[in-house]
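Quantities reported herein were computed from a predicted structural model and do not represent experimental measurements.
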Amino acid sequence: MMDYDKIKAGVKLMLEGIGEDVTREGLLETPDRIARMCTEIYGGLYEDASVHLQKQFSVESDDMVIERDITFYSTCEHHLLPFYGKAHIGYLPEGRVAGLSKLARTVDVFARRPQIQEKMTVQIARALEENLKPKGVIVMLEAEHTCMTMRGIKKPGSKTVTMTALGLFREQKELQDRFLAMVRQ
């Protein structure tokens, strides 16, 4: 689990390192605030996505299921700055579907970890594949990275798009095309 004392000490050192006075009124409680915030934004490190994907229902159809525009917030592991955007998930059921809110919860579990977007995309797809055992899974993330917008190259509005296709979605380009058309409606 998280070590609040280490987080608070690290924040204090960082503030001192940038030349701040950690005894000034506005910063007195900042280390504690940051430690509590870490529970929220990095809590996915201690969650298992499969817990959410256990809530399943029987279906007779194997038609594509899509949940799109799932908002997420994550943290770049390289700069510890936020990236945020939308996740789009599609899968072809094999007799079972997940509760729709469980797809969004799965995205949140992986988003609430320091990481890169490319890994997050694959993690979501693999969790769905392992737990739902569908005929195919496709996951697309579109995100703006503040490490590109507020520092470095400073290109606000630029989006990074990542996609992972497994099973029939990897094998059949027409399924990918159908998914993309439905996501962009």
Side-chain angles (χ1 to χ4, degrees), residues 1-20 22 26-54 67-91 98 100-132 137-166 183:
M1 294 306 280
M2 289 191 201
D3 186 329
Y4 294 104
D5 291 332
K6 282 186 177 182
I7 296 168
K8 291 191 296 189
V11 170
K12 186 177 176 185
L13 282 172
M14 184 188 79
L15 290 170
E16 289 171 346
I18 64 171
E20 266 291 357
V22 295
L27 294 177
L28 281 175
E29 296 177 27
T30 298
D32 187 58
R33 280 189 205 99
I34 299 294
R36 284 184 280 124
M37 177 191 71
C38 286
T39 301
E40 185 176 343
I41 65 174
Y42 301 124
L45 287 166
Y46 308 101
E47 285 187 63
D48 180 358
S50 66
V51 169
H52 301 295
L53 294 170
Q54 296 310 304
E67 186 162 351
R68 67 180 199 192
D69 297 326
I70 303 167
T71 301
F72 70 86
Y73 300 91
S74 194
T75 306
C76 164
E77 66 185 23
H78 299 144
H79 301 99
L80 293 182
L81 287 172
F83 67 93
Y84 56 92
K86 303 280 185 186
H88 314 289
I89 295 173
Y91 68 98
L100 294 177
S101 70
K102 306 312 180 196
L103 300 178
R105 289 183 192 282
T106 299
V107 170
D108 282 346
V109 166
F110 293 111
R112 293 175 43 217
R113 300 174 179 185
Q115 67 192 317
I116 59 173
Q117 180 177 331
E118 295 87 342
K119 286 182 185 176
M120 182 178 155
T121 308
V122 173
Q123 291 169 338
I124 294 166
R126 286 189 180 149
L128 294 170
E129 182 181 52
E130 290 167 12
N131 290 279
L132 299 179
V137 174
I138 191 165
V139 175
M140 183 171 82
L141 302 183
E142 300 176 275
E144 184 165 335
H145 292 248
T146 59
C147 58
M148 280 192 52
T149 63
M150 65 183 285
R151 58 151 306 277
I153 194 151
K154 296 183 180 107
K155 297 296 179 198
S158 63
K159 295 258 170 92
T160 300
V161 179
T162 52
M163 188 169 79
T164 296
L166 304 172
V183 163

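Under the salt bridge (Lys or Arg N to Asp or Glu O under 4.0 Å) criterion, Arg112 pairs with Glu47, not counting sequence neighbours. Under the side chain to side chain contact (heavy atoms under 4.5 Å, CB included) criterion, Ala111 pairs with Phe72, Ser74, Met120, sequence neighbours left out. With sequence neighbours excluded, no residue satisfies salt bridge (Lys or Arg N to Asp or Glu O under 4.0 Å) with Glu144. Applying the side chain to side chain donor-acceptor pair (under 3.5 Å) test to Tyr42 and every residue at least two apart in sequence or in another chain returns nothing. Looking at residues two or more places apart in sequence or on another chain, you find no side chain to side chain donor-acceptor pair (under 3.5 Å) involving Asp3. Applying the salt bridge (Lys or Arg N to Asp or Glu O under 4.0 Å) test to Arg126 and every residue at least two apart in sequence or in another chain returns nothing. Under the rule for a side chain to side chain donor-acceptor pair (under 3.5 Å), the partners of Thr30 that lie at least two apart in sequence or sit in another chain are Arg33. Judged as a ring-ring contact (aromatic ring centres under 6.0 Å, His included), and not counting sequence neighbours, the contacts of Phe83 are His145. By the side chain to side chain contact (heavy atoms under 4.5 Å, CB included) test, Leu28 pairs with no residue at all, sequence neighbours left out. With sequence neighbours left out, Glu142 forms a side chain to side chain donor-acceptor pair (under 3.5 Å) with His88.
Here the shortest heavy-atom pairing between Gln54 and Asn131 reads NE2-OD1, 3.2 Å. The shortest heavy-atom contact between Ala125 and Thr164 is CB-CG2, 4.0 Å. Counting all heavy atoms, side chain and backbone alike, Leu53 lies closest to Leu132 at O-CD2, 4.2 Å. Of all non-hydrogen atoms in Ala87 and Leu141, the two that sit nearest each other are CB-CD2, 3.3 Å. Here the closest heavy-atom approach between residue Ala104 and residue Glu67 is recorded as CB-OE2, 4.2 Å. The two residues Thr71 and Lys86 come nearest to each other via the heavy atoms OG1-NZ, 3.0 Å.
Remark: the backbone N or O of Thr160 is paired with a side-chain donor or acceptor of Gln117 at under 3.5 angstrom. Within the 3.5 Å criterion, the main-chain N or O of Ala98 finds a donor-acceptor partner in the side chain of Tyr91.
No side-chain N or O of Thr149 forms a donor-acceptor pair with one of Lys155 less than 3.5 Å apart.
For Ile18, the CD1 atom counts as densely surrounded, since its 6.0 Å shell holds more than 12 non-hydrogen atoms of other residues, nucleotides or ligands. In Met150, the CE atom is not crowded: 12 or fewer heavy atoms of neighbouring residues, nucleotides or ligands sit closer than 6.0 Å. Crowding of Tyr46 atom OH: a count of heavy atoms from other residues, nucleotides or ligands under 6.0 Å exceeding 12.
Sorted by first and then second residue, the salt bridge (charged side-chain N to carboxylate O under 4.0 Å, His left out) pairs involving residues 100-111 (not counting sequence neighbours) form an empty list.
Rounding to the nearest 0.5 angstrom, the gap separating the OG atom in Ser158 from the CE atom in Met148 is 3.5 Å. A distance of 4.5 Å separates CD of Glu77 from NZ of Lys119, quoted to the nearest 0.5 Å. Taking CD1 of Ile89 as the reference point, atom CG of Leu100 lies at 10.0 Å (rounded to 0.5 Å). With values rounded to the nearest 0.5 angstrom, Asp48 atom CG is found 9.5 Å from Thr106 atom OG1.
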Exercise. Apply side-chain contact (heavy atoms from CB on, under 4.5 Å) to the pair Asp32 and Arg36, showing each step before the final yes or no.
Key: CA-CA 6 Å; Asp32 187 58; Arg36 284 184 280 124; 3.1 Å; yes

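The side-chain heavy atoms of Leu128 and Leu103, taken from C-beta on, include a pair separated by under 4.5 Å. Counting heavy atoms from C-beta on, the side chains of Cys76 and Thr146 never come closer than 4.5 Å.
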Return a table of donor-acceptor pairs under 3.5 angstrom between the side chains of residues 4-17 and protein atoms on other chains or two or more places apart.
from: Tyr4; atom 1: OH; to: Thr39; atom 2: OG1; distance (Å): 2.6

